[in-house]
Amino acid sequence: MAAPGPAPDFKHWWRVFGDAKIDLLVKRAIENNLDLRQAIARFRAARALTGRSQAELLPSLSVRTYSLPDPSGTTSYFQSGFDAEWELGLFGRRDGTLRMADADVGIAAASVQAAQVSVVAEVVRSYMELRAAQERETLLARLVEVETRHLALIRSRFRLNLASEAEVGQAEARLAQAEAALAEPHAAAARSAQQIALLLGENHPDAGLLAVVPRPTLGTLRIGVVPAEMLRTRPDIRKIEQEVLKAAAELGVARADLYPRLVLAGGLTFSTRLGGNSLGTTHGVISAGPIIDIPLFDWGMRRAVVNARDAALSATLLAYRQAVLEGVAEVETVLAALEHLREQVESMDKAVASLERSARATQVLARNGLADGFPCVAADKALLDARLERAQAEEARSLAFIALYKALGGAPPLGVQDD
């Protein structure tokens, strides 16, 4: 087994494929993907509401005006003034309100990361599937050529009465099957290219994307035991962490509602009496003092809210534990599959190397007149079949690698700022 290579960059893990086209596609997807842009917009909305939550806990000043008719119907009173209020947010109400707003921002940020991780992984996955489909199409086209050669040899034998009509029919059927198999990779390549265009927020794929180029290889990797702490980079776990914090803050606010609310208030009111065609005298009144709301009896409604928030917090904590367990299981499963596929690719490499030597030896025999075309055709078909299996195993390994870093929440850092 080859010596382990360097571990891939966690934040730019796709660079292990060594394909500049992937780097460009990922960059364009991060800039233009519509799902990601929606998540960023929701994040900005949540962050804007944080300022509102903070402002609600600061002193406020308002202006009011209203008129009040006299019961006699001959005069009226016009009042205007200023009101100032400041709720002190005692018993943890202030801290709980701020933590709830911060948790909403954290949940929105985790949603942005989830969208980004998904977009990056799907772009790389679709690109690898596109190149793998093109590789299969190339190998299957060569197989069609080999089956065509085989059919020509069978027909030559048939003309010499050395082969039966049934053998000709079988050769024709194998050629038809090989030609029909070309449709699958061609459709898969078109489907993957269209998926990439969708991820980039475009109507149709780039023409250059459909040009046949060699498929990027994964190469030798070093992936050791993934520490549990790395699982915290998963967006679903980060999101549930913020939901736990929000549930705890909601419980704190519900408990604060069991205690009195204290508001410092003051006002300046001007009152003018209006009657006939003249204005009356204007009087100003200053008022100041605390507003105290003391809950005495509400049939247990506040206590019911506390009990509900407490149960919701317990449920969220259990959901957090479940998310961690599921994350560990997913990563371990993908790691095991990746190791199995690495061994499978190594075995297929050995098989392909052996069949290449066999095909070269058969060609030498044919050039020296020691064998006809049939052994060469058989050797070429066996080699192409092995290369197809090897290509499929390498594709599966690459997709498992992508799934691993998607499971770990791998994505480049994304600075989300207001426009």
**Q.** Partners passing side chain to side chain donor-acceptor pair (under 3.5 Å) against Asp35 (at least two apart in sequence or in another chain)
**A.** none

Q. Where do Leu34 and Arg37 land on the side chain to side chain contact (heavy atoms under 4.5 Å, CB included) test, with the steps shown first?
A. CA-CA 5 Å; Leu34 297 181; Arg37 291 173 66 181; 4.2 Å; yes

Q.
Please give me the minimum heavy-atom distance between Ala400 and Leu338, naming the atom from each residue.
A. CB-CD1, 3.9 Å

**Q.** Sequence-distant partners of Gln194, side chain to side chain contact (heavy atoms under 4.5 Å, CB included), two or more places apart
**A.** Ala197, Pro205

Q: Output the distance between atom CD1 (Ile402) and atom CH2 (Trp13), rounded to the nearest 0.5 Å.
A: 5.0 Å

**Q.** Any donor-acceptor N/O pair, Thr148 side chain to Val144 backbone, under 3.5 Å
**A.** yes

Q. Does Gln344 reach the side chain of Arg397, with side-chain heavy atoms less than 4.5 Å apart?
A. no

Q: Give, for atom CE of Met128 and atom CG of Asp19, the distance between the pair rounded to the nearest 0.5 Å.
A: 8.0 Å

Q: Tell me, please, which residues at least two apart from Arg157 pass side chain to side chain donor-acceptor pair (under 3.5 Å).
A: Asp372

(Q) Between the side chains of Arg149 and Glu145, is the shortest nitrogen-to-carboxylate-oxygen separation below 4.0 Å, so that they form an ion pair? (A) no

Q: Quick one: do Lys406 and Glu122 satisfy salt bridge (Lys or Arg N to Asp or Glu O under 4.0 Å)? Show the steps, please.
A: CA-CA 9 Å; Lys406 183 178 181 181; Glu122 290 305 312; 3.3 Å; yes

Q) Where do Val213 and Lys21 land on the side chain to side chain contact (heavy atoms under 4.5 Å, CB included) test, with the steps shown first? A) CA-CA 11 Å; Val213 298; Lys21 186 66 174 179; over 6 Å; no

Q. Taking atom OG of Ser347 and atom CD of Glu389, what is their separation to the nearest 0.5 Å?
A. 11.5 Å

Q. Given side chains that start at C-beta, do those of Asn307 and Arg303 come closer than 4.5 Å, heavy atoms only?
A. yes

Q) Would a distance-only check, ignoring hydrogens and angles, find a side-chain to backbone donor-acceptor pair under 3.5 Å from Thr333 to Ala329? A) yes

(Q) Between the side chains of Asp23 and Arg28, is the shortest nitrogen-to-carboxylate-oxygen separation below 4.0 Å, so that they form an ion pair? (A) no

Q) At their closest point, which heavy atom of Leu151 faces which heavy atom of Leu175, and how far apart are they? A) CD2-CD2, 3.8 Å

Q: Heavy atoms only: give me the nearest Ala319-Ile240 pair and the separation to one decimal.
A: CB-CD1, 3.9 Å

Q.
If we check side-chain hydrogen bond (donor to acceptor under 3.5 Å, both in side chains) with Arg215, which of these qualifies: Gln134, Glu135, Glu395, Glu129?
A. Glu135

Q) Quick one: are Leu399 and Arg125 in side-chain contact, heavy atoms under 4.5 Å? A) yes

Q. Donor-acceptor pair, Arg309 side chain versus Ala254 backbone, under 3.5 Å?
A. no

(Q) Between the side chains of Glu243 and Lys246, is the shortest nitrogen-to-carboxylate-oxygen separation below 4.0 Å, so that they form an ion pair? (A) no

Q. When rounded to the nearest 0.5 angstrom, what distance separates CG in Asp206 from CD1 in Ile196?
A. 9.5 Å

Q) Do Ile237 and Tyr320 touch side chain to side chain, with heavy atoms closer than 4.5 Å? A) yes

Q. Side chain of Glu167, backbone of Ser164: donor and acceptor closer than 3.5 Å?
A. yes

Q) Does any non-hydrogen side-chain atom of Arg174 lie less than 4.5 Å from one of Lys381? A) yes

(Q) Looking at every heavy atom in both Ala115 and Ala39, which two are closest together, and how far apart are they? (A) CB-CB, 4.1 Å

Q: Report yes if some heavy atom in the side chain of Leu209 is under 4.5 Å from a heavy atom in the side chain of Leu25; otherwise report no.
A: yes

(Q) Quick one, Leu335 with Glu339, criterion side chain to side chain contact (heavy atoms under 4.5 Å, CB included). Give me CA distance, side-chain angles, the key distance, then yes/no. (A) CA-CA 6 Å; Leu335 279 173; Glu339 177 63 17; over 6 Å; no

**Q.** Aromatic plane relationship, His12 with Trp14 - under 30° parallel, 30 to 60° tilted, over 60° perpendicular
**A.** perpendicular

Q) For the rings on Phe17 and Tyr127, is their centre-to-centre separation under 6.0 Å? A) no

Q. Which pair of heavy atoms, one from Ser192 and one from Ser126, lies closest together, and at what distance?
A. CB-O, 3.5 Å

(Q) In the structure I gave you, are the side-chain heavy atoms of Phe374 and His150 within less than 4.5 Å of one another anywhere? (A) yes

Q) Which value, rounded to the nearest 0.5 Å, describes the distance between Leu388 atom CG and Arg142 atom CZ? A) 10.0 Å

Q: Check whether any side-chain N or O of Arg302 sits under 3.5 Å from a backbone N or O of Leu258 as a donor-acceptor pair, and report yes or no.
A: no

Q.
Between Asp104 and Arg47, does any NZ, NE, NH1 or NH2 come within less than 4.0 Å of an OD or OE carboxylate oxygen?
A. no

Q. When you measure from the side chain of Asn33 to the backbone N and O of Ala29, does any donor-acceptor pair fall under 3.5 Å?
A. no

**Q.** Name of the residue among Gln242, Lys239, Arg42 meeting side chain to side chain contact (heavy atoms under 4.5 Å, CB included) with Ser111
**A.** Lys239

Q | Salt bridge flag under 4.0 Å for residues Glu394 and Arg387 | A | no

Q) Roughly how far, to the nearest 0.5 Å, is CD of Gln392 from CG of Leu139? A) 9.5 Å

**Q.** Validation row: Leu36, Ile30 side chains within 4.5 angstrom (heavy atoms)
**A.** yes

(Q) Using the rule given for side chain to side chain contact (heavy atoms under 4.5 Å, CB included), can you reason through Gln363 versus Asp380, listing the C-alpha separation, both sets of side-chain angles and the distance that settles it, and then say yes or no? (A) CA-CA 10 Å; Gln363 290 172 0; Asp380 289 343; 4.1 Å; yes

Q. Is the shortest distance from a Lys or Arg side-chain nitrogen in Arg234 or Asp236 to a carboxylate oxygen in the other one below 4.0 Å?
A. yes

Q. How close do Thr316 and Ala247 get, heavy atom to heavy atom, and via which atoms?
A. OG1-CB, 4.0 Å

